Structures are given as structure tokens and as C-alpha cells.
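Note that this is a predicted model, so its numbers are computed, not measured.
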Amino acid sequence: MNRLSGETSPYLLQHAENPVDWLPWGDEALARAREQDKPILLSIGYAACHWCHVMAHESFEDEETAALMNERFVCVKVDREERPDVDGIYMDAVVAMTGHGGWPLTVFLTPEGEPFLGGTYFPPEPRHGLPAFRQVLVSVSELYRERPEDVAQRAQVLVEALEQAASSAPSGEPLTESLLFDAVRRLEELHDPEWGGFGRAPKFPPASALELLLRRGEPELAVRTLDAMAAGGMYDLVGGGFHRYSVDDRWLVPHFEKMLYDNALLVPAYLHGWLVTGRERYREVVEQTVEYALRDLRLPDGGFASSQDADTDGVEGLTYTWAPGEGAPEELLEPFEDGRLILRGELDEKTRARLLEIRSLRPQPGLDDKAIASWNGLMLAALAEAGRRLDRAGWIDEGRALAGFLLGPLSSEGRLHRSRRAGRSSGAGFLDDYANVAHGLYELHVATGELRWLEESRRLALLAVELFGDDEQGGFFLAPAGGEQLVARKKELIDHPVPSGNSMLAYVLLRLGRIYGDDELERRAVGVLRLVGPSLGRAPTELAWALNALDLYLSTPREIAIAGPPSSEVARAALEPFDPNAVVAFGPADDVPLLEGKGLVDGKPAVYVCERFVCQKPVTDPAELGALSTST
């Protein structure tokens, strides 16, 4: 057993029995590399990653390969979900070297942690143009020993490129509606008119781009994608929830891992699709996906697990696929592999329940049961808004419990941890943890009317500005100031596919800025938009959440102050429309500027519709809201 046995990450624990002398990332590994003058072999993956399992079985469990690794390298394992900072830096380095990235990520470092060579998956024997992993090991170790000047030069060039990427200057070009128009036109160009989605296979669920199209009044492109993804395959017709991505253009054959973040992002995408189009199928997808998360991902301590594995008993998709005669409607079965078939089509509720019962008796995929603050923040937002709009009080209660977990066990001294598992928390929170939890807490405030969630959202957002802000160039670093110093400090600006921490925090700051009348929060948000401004119109799939933030920034401010509970008829009427650029606060509360002086009217709940804090007369009768919104 190697040094991973004391870790909390299920991914690291999967490798604790390897004959490789793995170390977790940290000072000890770097010190050992310096003492022994060996390069570091850094391997990064995550528990639900199919090809990570393949490489582990082929190479890391092989005694001969492990002996070669132990002899020539200091070997380090990292869970990318626990350490997005380490993963982000070295992924950028590998993309710069090879033109592509992915997991498992394999990077060779100097004892100072500087990257000089790398790749992704390497097979045990040469195939598909890839060298054998053992060939790579020998070549890299010989390069390190025999040509140290070349190694140093490679490392210097890469580190300088990484540092430069994090210090890029903001654009001075104006932020205008034309960027949003250009982004929508680019999505039209990328759109697959037959099967939806943007670009070619493999296709990842473009939740943030769908949100952009819906909020911009362009539902046609969104509808084709929402329909095609929900048809089955990519979407689990039996158990609900979405798999990570589709290997084909039809959304039929997925990689079968299920990630919390995908499902947390697709719940509001389908919810908003239902609000815009009225299609009941989208509402069903929302209900089934939330039910899936509560059934299969909910953890006993209040959080949600990170993912379910792609494999069952070493076979990809075994739990989710069918063979003839196993009970699935055979007219709905489509070919997969090894005699297994994928279910695609429409199931009535009785058939769905019967198939779920059959499937529950099979071996189940592994569960990565660590709770990541960032992804749980997204799930909190999904539970709160879906519970509010679909009148599911139980979901809102689940949101309260989740908020208590995030602000309780997953925090200490007012600061978020990255993750928690088996009663142990892992490391300080990163930018996306703060941004997504603040986002979820705001949505919980709107769903419950409870002021404490709004206050906590603002507290975490202000703390994020303090911990991650770049006062010189604008935007926010991924890791907090004063934390571990890597070879470079990274700014994550691209959605992967979770909204980048920069884009989400900008979105949160814009909302809070309008509620609290705080121009500094808006200035900080605009700093993010200026960093990505030149690319917004050209790269809408990579910068979709930044475009949603830009849409909010350019919209006419519309603030809705509500005195009284969200269950009141006038509050429900005010919040019923899909109005993504409105901000909402519940009071009374004189210490929140939007709510100051706004109370019940003649003892009745009241809605105040405002623009830049100039408010129309309060409304207590839902019938008056239509005329009021027209007049603002």
C-alpha cells in the first residue's frame, strides 16, 4: 500500500493498492524529487473517468511498469476535482505542448514543479499513433538525465507562457449589445440543424449556451438541443439524469459517468426551456433529474456526491444498457456494443418505474462520495429555483439542508473548504466554490424569502473579491492569495463546462450590486467582462456564462422588492414570469438598500418594482402587476 491510503479522495483511494509508490501532491513529493534528483511523474484524473480506469489497469497495476516508474520518477497522483488549481496549470501546459488535453493527464515536471513534457492517455503497447507508456517513461527519464539544458529550456518557456496567460491586460473596447448579437450568430453557425448541439461529436451538454439563447429570446436553437438530449441515451430515460457527454452526434451513445455539475446545470436549463416554450417534456426532465439526484447522489450529511462511475464491474455502461429479453421495450432499443443496447424513445411512467426496479437489482456503478462546494452550490441553485417554480416545498427544504451543510461542515471560520468526505474536509475553497455557493444562496433567498441566505451570499461574494481579486488587471485568480504557490497563478476564464469562477462571480456581483446599490461590485464584475471581451462574440460555447453576465450587465436594471412571504399571491405573481435579468429581494429589511423603507401595505404583502432604485407604487393585488410591469 502506497501513501494514498490516508487520503479522502475516492480517486486517490482507487490507486492506494497500486504497486506504484504514489505520493499525494505537496511539499513532500517536491522535496523527494529534489533530494533524489528525479523528475516528477504527475498523473491527474477523477473517480468517474473511464480512460483513467483503463490506464490504471493497463499500467499502474502492472508490476513491471510500476517498477520502472518507481525507479526513474517521483510519482504523484492528483484528483482534479479536489485540486483544480494543480489540474488547471498543468492542463494548460499540456495543451500548449500537444494541442489537446484530457484525462488521465500525464505530465513530467522538474523537482521545482515546472512542466517540460506531457500528454494524456498512453497505452501499454504502441497503437493509434501513440507510443507505449513504458517507452515514454524511458525516453523522458533519459532526456532528464542526459540533456538537462533542454529540459530547463522547455520548462522555462512553458512557465513563462503560463505566467503571461494569467497576467493578460483587460480590453479597452466597449462592452455593447453587438457582442451578444455576434455570439448568437456564431451559435447559429455552429448549430447542428438535425440533432442540435454546437459543433461535431463528441458533444457535451451546452447548458450555459442554452441559457443564453433562452434569455436572448432565441428559443429555436435551444429547443432542438433540449429535445435531442432528452430523447434517451445521453439522458437516462429510466433513472433520470444526464450522462457526461455523447460520443456521437445524435446524443445516443454516452460516456456513462454522471456528474453532479451537469445535472445541476441542466435542471435550470430545462426549467427555463419549459417556462419559455411551455413544453411539458422539459418539466418532466426537471422532475426526473432532481429525483435522480436526491435518490442516487444525496449524501447522509447533507451534501451531494460528485459523480457516478461510467463503469460497473469494469464494463462501461453495464448498469444502464439492456439486452433483448431483459424487460425493456425492444422497439426502443438501439445498438451499443458487446450485445448491449441503449434505450431511446418515450416511456410511460408505469414502464419507467418497472424498468427502474429491474435495474436496481443489477450491480451499480461506483459513487464518488466526496461533496465539492462548487458543484453543490450549483445544485443548491437548481433545487431552490425548481422547487419554487414547480411548487415543490420538499425540494426547497432540501435546499435549506444543503445550504446548512455548505455553511456548516463544509466551512470553517467563515471560509469555504473545497470538498468533504468521510467527516474530513479537504483544503481551502477555490474561486468557483465561492462563486457557485453565493449563486445558490441567492436563489435560496428568492425561494424562501429568508434574509439570511441573501446576507450569506453577499458575505461570500465580498470574501471572494478579497481572496481572489486581481487589483491590477481585473478579474479573479482561481486560488486564494496567500495559499500554496504553484509555478504560476491561474485565472480560469473558460467554461469547462461548469461556468468559470470568473464568469459566475461576475454574475453574482452584478445581481448583488443592484440589490445593495454597490457600484464597486459592478466595477469588479465589469473587470471580468473586459478580460474576455474580445473573445465573447467569437467563442460563445467557451464563454457562455460570461455572455449571460454581459446580458445582465447591459439590461435595463429591474429590481423587485417584496415585503412579505414568497407564498403570498402577489409575490408568486411577481416571480412567475421568466425574467432572468430582474433581481429580487425579500424583506422588510432596512439594512438592505433595495428593501429600505419598503414594508407591508395596510398589513398586506406588497411588491415594489423599481429601476435603479426608483420604484413604482407598491402593489398588493396580483391583477395590478401586469400594468405595472408595462409602465416600468
Side-chain angles (χ1 to χ4, degrees), residues 3-4 6-9 11-12 22-35 38-46 74-94 105 107-116 118 155-156 158-167 370 372-374 410-421 424-435 437 460 463-472 475-493 496 500-502 505:
R3 292 291 300 280
L4 301 183
E7 297 297 306
T8 59
S9 159
Y11 174 67
L12 299 186
W22 293 116
L23 290 171
W25 178 266
D27 292 338
E28 181 183 353
L30 296 169
R32 183 182 294 187
R34 288 192 294 269
E35 291 166 5
K38 287 182 179 180
I40 293 170
L41 191 167
L42 175 63
S43 177
I44 304 177
Y46 59 102
V74 171
C75 302
V76 177
K77 259 289 174 196
V78 167
D79 182 339
R80 77 173 182 98
E81 296 170 355
E82 280 194 341
R83 291 302 301 263
D85 55 338
V86 174
D87 176 59
I89 287 291
Y90 294 114
M91 180 66 75
D92 286 352
V94 168
L105 188 67
V107 199
F108 299 97
L109 318 177
T110 70
E112 288 70 42
E114 299 167 332
F116 63 92
Q156 181 182 357
L158 282 167
V159 170
E160 288 176 354
L162 294 170
E163 291 173 340
Q164 185 175 3
S167 59
K370 68 177 183 296
I372 296 174
S374 171
L410 207 44
S411 297
S412 63
E413 298 180 355
R415 297 193 177 192
L416 291 170
H417 294 291
R418 172 62 177 179
S419 64
R420 186 170 177 84
R421 180 182 179 273
R424 294 167 56 193
S425 296
S426 173
F430 294 95
L431 173 62
D432 57 312
D433 296 306
Y434 283 81
V437 172
L460 288 179
L463 185 54
V465 171
E466 176 187 334
L467 292 173
F468 305 99
D470 181 353
D471 295 333
E472 295 182 6
F476 303 93
F477 293 104
L478 175 59
E484 180 184 349
Q485 298 301 304
L486 302 178
V487 293
R489 202 172 176 206
K490 180 179 175 60
K491 282 182 186 172
E492 187 63 79
L493 298 168
H496 282 309
S500 79
N502 269 277
L505 187 57

State, with a plain yes or no, whether a side-chain heavy atom of [X] is found less than 4.5 Å away from one of [Y].
X: Ile372; Y: Asp433; value: yes
X: Pro39; Y: Phe108; value: no
X: Asp432; Y: Glu492; value: no
X: Trp25; Y: Glu82; value: no
X: Ser374; Y: Leu431; value: no
X: Asn502; Y: Phe468; value: no
X: Leu463; Y: Glu466; value: yes
X: Lys370; Y: Tyr11; value: no

- Query: When you look at Tyr46 and Asp79, which way does the side chain to side chain contact (heavy atoms under 4.5 Å, CB included) test go after all the steps?
  - Reply: CA-CA 5 Å; Tyr46 59 102; Asp79 182 339; 4.2 Å; yes
- salt bridge (charged side-chain N to carboxylate O under 4.0 Å, His left out) evaluation trace for Glu28 with Arg3: CA-CA 11 Å; Glu28 181 183 353; Arg3 292 291 300 280; 2.6 Å; yes
Heavy-atom pair of closest approach, residues [X] and [Y]:
X: Arg489; Y: Ala481; answer: NH2-N, 3.0 Å
X: Ile40; Y: Pro111; answer: CD1-CA, 4.4 Å
X: Lys77; Y: Ser43; answer: NZ-OG, 2.7 Å
X: Leu162; Y: Pro115; answer: CD1-CG, 4.4 Å
X: Asp470; Y: Lys491; answer: OD2-NZ, 2.7 Å
X: Ile89; Y: Val487; answer: CG2-CG2, 3.8 Å

- Check against side chain to side chain contact (heavy atoms under 4.5 Å, CB included), Val465 and Phe476: CA-CA 8 Å; Val465 171; Phe476 303 93; 4.0 Å; yes
- Task: Starting from the C-alpha separation in whole Å, work towards a yes-or-no answer on side chain to side chain contact (heavy atoms under 4.5 Å, CB included) for Asp87 and Val78.
- Result: CA-CA 8 Å; Asp87 176 59; Val78 167; 5.5 Å; no
Pairwise distance [atom1]([X]) to [atom2]([Y]) - rounded to 0.5 angstrom:
X: Trp22; Y: Leu41; atom1: CH2; atom2: CG; answer: 6.0 Å
X: Arg32; Y: Asp27; atom1: CZ; atom2: CG; answer: 13.5 Å
X: Leu42; Y: Leu105; atom1: CG; atom2: CG; answer: 7.0 Å
X: Glu81; Y: Ser9; atom1: CD; atom2: OG; answer: 7.5 Å

- For the pair Glu160 and Gln164, evaluate side-chain hydrogen bond (donor to acceptor under 3.5 Å, both in side chains) and give the outcome as yes or no after the intermediate values. CA-CA 6 Å; Glu160 288 176 354; Gln164 185 175 3; over 6 Å; no
- Task: Can you sort out the partners of Arg80 under side-chain hydrogen bond (donor to acceptor under 3.5 Å, both in side chains), two or more places apart, ordered by chain and number?
- Result: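 Per chain and number, Arg80 pairs via side-chain hydrogen bond (donor to acceptor under 3.5 Å, both in side chains) with no residue.
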- Message: Run the salt bridge (charged side-chain N to carboxylate O under 4.0 Å, His left out) test against Asp85 and tell me which residues pass, sequence neighbours left out.
- Response: Arg83
- Task: Start with the C-alpha gap between Ser412 and His417, add the side-chain angles, then the distance that decides, and say whether side chain to side chain contact (heavy atoms under 4.5 Å, CB included) holds.
- Result: CA-CA 7 Å; Ser412 63; His417 294 291; 3.0 Å; yes
- Query: Hey, is the main chain of Thr8 close enough, under 3.5 Å, to the side chain of Arg421 for a donor-acceptor pair?
  - Reply: yes
